[in-house]
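Data block below; observations after.
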Protein chains: 2
Amino acid sequence: MKAKATLKQIAKELNVSVSTVSKALNDSPEISEQTKTRIKEYAKLKNYKPNVIGLNLKNRKTKTIGLIIPNILNSFFAKVFTGIEKVAEEKGYNVITCISNESLKKEISTLDMLSNGTIDGFILSVSEEAQKLHEFNHFKEIINEGTPIVMFDRIVDEVECDKVVVDDFDSAFNATQHLINIGCKKIALFSSIGNLSVGKLRAEGYLKALQNNNIAINTDLILRTDSEDALKAKAEILFDNHTIDGIFALEEDDSVLALRISLKRGYIIPENLSIIGFADGILASRRLSPSLTTVSQHGPEIGAAAAELLIERLESKENEYPYKTTVIKTELRLRESTKTL
Amino acid sequence: MKAKATLKQIAKELNVSVSTVSKALNDSPEISEQTKTRIKEYAKLKNYKPNVIGLNLKNRKTKTIGLIIPNILNSFFAKVFTGIEKVAEEKGYNVITCISNESLKKEISTLDMLSNGTIDGFILSVSEEAQKLHEFNHFKEIINEGTPIVMFDRIVDEVECDKVVVDDFDSAFNATQHLINIGCKKIALFSSIGNLSVGKLRAEGYLKALQNNNIAINTDLILRTDSEDALKAKAEILFDNHTIDGIFALEEDDSVLALRISLKRGYIIPENLSIIGFADGILASRRLSPSLTTVSQHGPEIGAAAAELLIERLESKENEYPYKTTVIKTELRLRESTKTL
DNA sequence: GTTTTTTTTGAAATCGATTGCTAGTTTCCA
DNA sequence: TGGAAACTAGCAATCGATTTCAAAAAAAAC
């Protein structure tokens with residue numbers, strides 16, 4: 001194991017000064033061609049790589065993004081991650097990823113840990129606990145200290161920062177409208193994410209579509225819960241007391257639940273029950289039989305947009321840079337779980 | 001936006017020297033209690049956090065781990081990631097994650113990008129391309145330069161470093177033996193990962209189990225390919241020409257393919273065909289109908305073990321620290337795709 | 001051959017923190 | 001009151017790089 005080469009070492013071994021070496025390697029016109037090549041060759045020989053820590057200290061930035069994700073096992077977040085990583089790599093940034101596990105405490109401690117020079121800015125999706133408790137001061141503080149934040153998917157209206165969202169309301173509206181178009185009259189709503197901003201927006205889109213079509217809103221059919229288990233319990237009750245012909249599920253897991261439970265109850269899909277669900281990963285929905293019609297969120301695009309917003313802000317010279325919100329469109333992917341027109 | 005507090009600022013504002021502030025905040029006995037409290041209170045007021053970059057430079061380490069994963073959308077790797085992140089967090093380390101996308105070039109450039117002081121050590125799973133081309137010099141170079149590497153899952157025998165593996169051979173052997181125990185006679189092997197070290201080991205375990213039970217090896221039943229598409233093509237041919245009663249799939253996607261194609265061919269599962277597959281994520285296999293019997297790899301444990309190996313090495317004072325290999329056991333999870341005894 | 005100009009190199013400051021050593025002040029005892 | 005011991009606080013070096021400015025050397029001009 002050879003020790004890593006530093007400017008100082010090279011300088012000593014070549015009998016020149018540190019600054020000469022630095023300038024030579026940076027192709028400064030101050031240095032003669034002769035010494036430049038001599039130094040460059042020696043540096044290559046020694047496999048010299050400038051130590052970024054020294055550079056970071058000098059430049060007061062690290063070209064590193066802090067990413068806080070509630071849960072990487074959720075394939076939606078995994079997809080967003082790929083988008084972020086791709087853009088970051090292209091622009092020469094690294095990504096430090098932390099999992100909040102939906103915990104407010106972990107979210108705060110992560111923000112704290114990283115906002116000490118380790119990273120230049122954050123990209124994050126708010127933890128469930130923070131949304132539930134309406135606790136957003138930690139974000140404001142970080143922004144006040146001068147570290148920019150970009151929020152995606154689960155955002156907070158009260159916090160002023162860049163944001164990337166899906167058009168949740170419109171997507172839900174369109175999906176519900178599609179169910180209505182293919183003839184569904186009794187459309188249930190399945191949600192295990194009543195706590196989240198996105199869950200609320202999607203539910204509103206569903207309601208609006210019903211209203212627009214003069215369909216009476218039956219609260220028995222609207223299952224808004226905070227957990228998969230609670231949703232399951234409510235669903236059993238729903239199936240005991242009602243016959244339905246459509247389900248709109250607000251999350252991937254909710255749609256899987258809807259599919260399994262309705263198959264168990266003897267429904268034929270899509271003949272007498274159509275299902276549409278929001279999709280995180282596309283794979284899982286496609287694999288099911290019947291495969292699920294989904295509102296597809298373009299995870300990688302969301303991530304890419306977030307990374308671009310952040311890097312743009314980091315690299316802009318201006319201090320007063322207005323906050324932007326990027327909206328990424330969803331796509332209704334028709335598969336086997338819905339009737340065709 | 002207030003500028004971040006530095007030692008220098010605080011020193012100036014309190015009319016003391018930088019070193020006094022530093023010592024006071026570090027509770028040095030050199031400083032009187034009086035000044036200590038005065039400085040500490042002011043620092044708290046100003047929300048002072050020591051800038052880690054300065055520290056890193058001084059300490060010549062960053063308490064950051066570089067993680068290189070072939071593909072984060074593969075839920076096995078996502079699970080490993082959670083294990084790494086958890087241990088890292090506990091021990092005060094950050095994780096910079098990069099995706100190699102199975103590309104050798106990206107793998108090399110990532111190693112290069114990060115091994116300049118950004119990270120203290122690597123955890124990685126070798127890209128498919130590197131394994132295919134038998135190109136491992138980049139790992140050796142990095143290790144030679146003094147940056148430790150821990151490999152997990154897809155490892156390279158020729159490279160001396162810490163490793164974390166699953167007992168692939170034994171797991172495959174046991175799974176195949178289980179199929180034999182429940183009465184299977186014609187067991188096909190489905191592999192789309194012929195290129196990978198783990199794919200080879202698993203295939204050997206399968207062969208060994210057949211041999212031990214005096215079952216003639218029929219190469220028509222052994223589908224070793226390098227891609228999902230190739231596997232699918234071969235599988236169609238297999239089903240055209242043979243009747244089988246068992247499938248052992250070497251990867252999660254391969255088992256899903258096995259399940260779908262055999263259902264399509266009219267097999268009743270598990271009555272006349274039993275399937276066992278290696279599982280990355282447990283969720284997807286459980287969701288399928290029928291649910292899949294799997295060889296379950298404990299992803300988080302693998303990640304945790306890798307992080308522990310690396311951190312142990314980083315924090316050991318000794319220079320000659322022997323390389324270790326940790327083996328994590330798998331578990332056969334019996335579900336609906338196999339007959340019961 | 002001397003002065004001016006140009007070229008080439010190097011010394012020193014800087015980024016933000018730590019730390020060994022030194023200098024200055026106070027206390028205490030003779 | 002003088003000197004030693006004890007306590008505080010600050011100077012300066014260090015980590016690895018960049019960069020400004022000054023100095024030295026070489027080339028050009030007179």
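A, B, ... follow the sequence lines: proteins, then strands. Residue 1 opens every chain. Since the structure is predicted, the reported quantities are computational estimates derived from the model, not experimental observations.
- For the pair A/R60 CZ and C/dA17 C1', the interatomic distance rounds to 13 Å; values are reported in whole Å.
- Interface remark: the B/K23 side chain does form a donor-acceptor pair with the D/dG10 base, using a distance-only criterion of under 3.5 Å.
- Using a 4.0 Å heavy-atom criterion, one finds that A/K49 contacts the sugar-phosphate atoms exclusively.
- Between C/dT18, D/dT18, C/dT9, one nucleotide has an atom nearer to the side chain of A/N26 than all others, and that is D/dT18.
- Salt-bridge formation is not detected for the pair B/D120/B/K63: no Lys NZ or Arg NE/NH1/NH2 atom is positioned less than 4.0 Å from an Asp or Glu carboxylate oxygen.
- Here the side chain of B/S32 is nearest to one of C/dC15, C/dT9, D/dA9, namely D/dA9.
- Map A/I53 and B/E33 each onto its nearest nucleotide of DNA chain D; the residue landing nearer the 5' end is B/E33.
- Separating the CG atom of A/N51 from the C1' atom of D/dC15 is a distance of 9 Å, rounded to the nearest angstrom.
- For an aromatic pair to be called close, the ring centres must be under 6.0 Å apart, and A/H138 with A/F136 fails this.
- For the pair B/K58 NZ and D/dA12 C1', the interatomic distance rounds to 11 Å; values are reported in whole Å.
- Among the atoms of the strands shown, only primed sugar atoms or phosphate atoms (P, OP1, OP2) are found under 4.0 Å from some heavy atom of A/T35.
- When the C1' atom of D/dA9 is taken as reference, atom CD of B/Q34 falls 13 Å away, rounded to whole Å.
- Not a single donor-acceptor contact under 3.5 angstrom links the side-chain atoms of B/S17 to the base of D/dC11.
- Looking at B/K36 and B/D27, a side-chain N of the basic residue comes within less than 4.0 Å of a carboxylate O on the acidic one, giving a salt bridge.
- The distance from atom CG of A/L57 to atom P of D/dT14 is 17 Å, rounded to the nearest whole Å.
- Interface remark: the B/K8 side chain does not form any donor-acceptor pair with the C/dT14 base, using a distance-only criterion of under 3.5 Å.
- Residue A/N56 contributes atom CG, which lies 14 Å from atom P of C/dA17 at whole-angstrom precision.
- Taking every side-chain heavy atom of A/S19 into account, C/dG10 is the closest of C/dG10, D/dC11, D/dG16.
- Remark on DNA chain C: of its neighbouring residues B/L7 and A/P29, the 5'-side contact belongs to A/P29, judged by nearest-heavy-atom nucleotide.
- Side-chain nitrogen and oxygen atoms of B/T20 include none within less than 4.0 Å of the OP1 or OP2 phosphate oxygen of D/dA9.
- The base of D/dA17 lies outside donor-acceptor range of the side chain of A/S22, with no N or O pair under 3.5 Å.
- Between the CD1 atom of A/I10 and the P atom of D/dT18 there is a distance of 11 Å, rounded to whole Å.
- Using a 4.5 Å heavy-atom cutoff, the side chains of A/I96 and A/T118 are in contact.
- For B/S197 against B/D153, the heavy-atom pair with the smallest separation is OG-O, 4.3 Å.
- Nearest to the side chain of B/V16, among C/dG16, D/dC15, D/dG10, sits D/dG10.
- Salt-bridge check for B/K132 with B/E128: failed, with every basic side-chain N at 4.0 Å or more from each acidic carboxylate O.
- OP1 or OP2 of C/dA17 sits under 4.0 Å from a side-chain N or O of B/Y48.
- For the pair A/N59 CG and C/dT14 P, the interatomic distance rounds to 16 Å; values are reported in whole Å.
- For A/I31, whose side chain is taken as the heavy atoms from C-beta onward, the closest listed nucleotide among D/dC11, C/dT9, C/dA11 is C/dT9.
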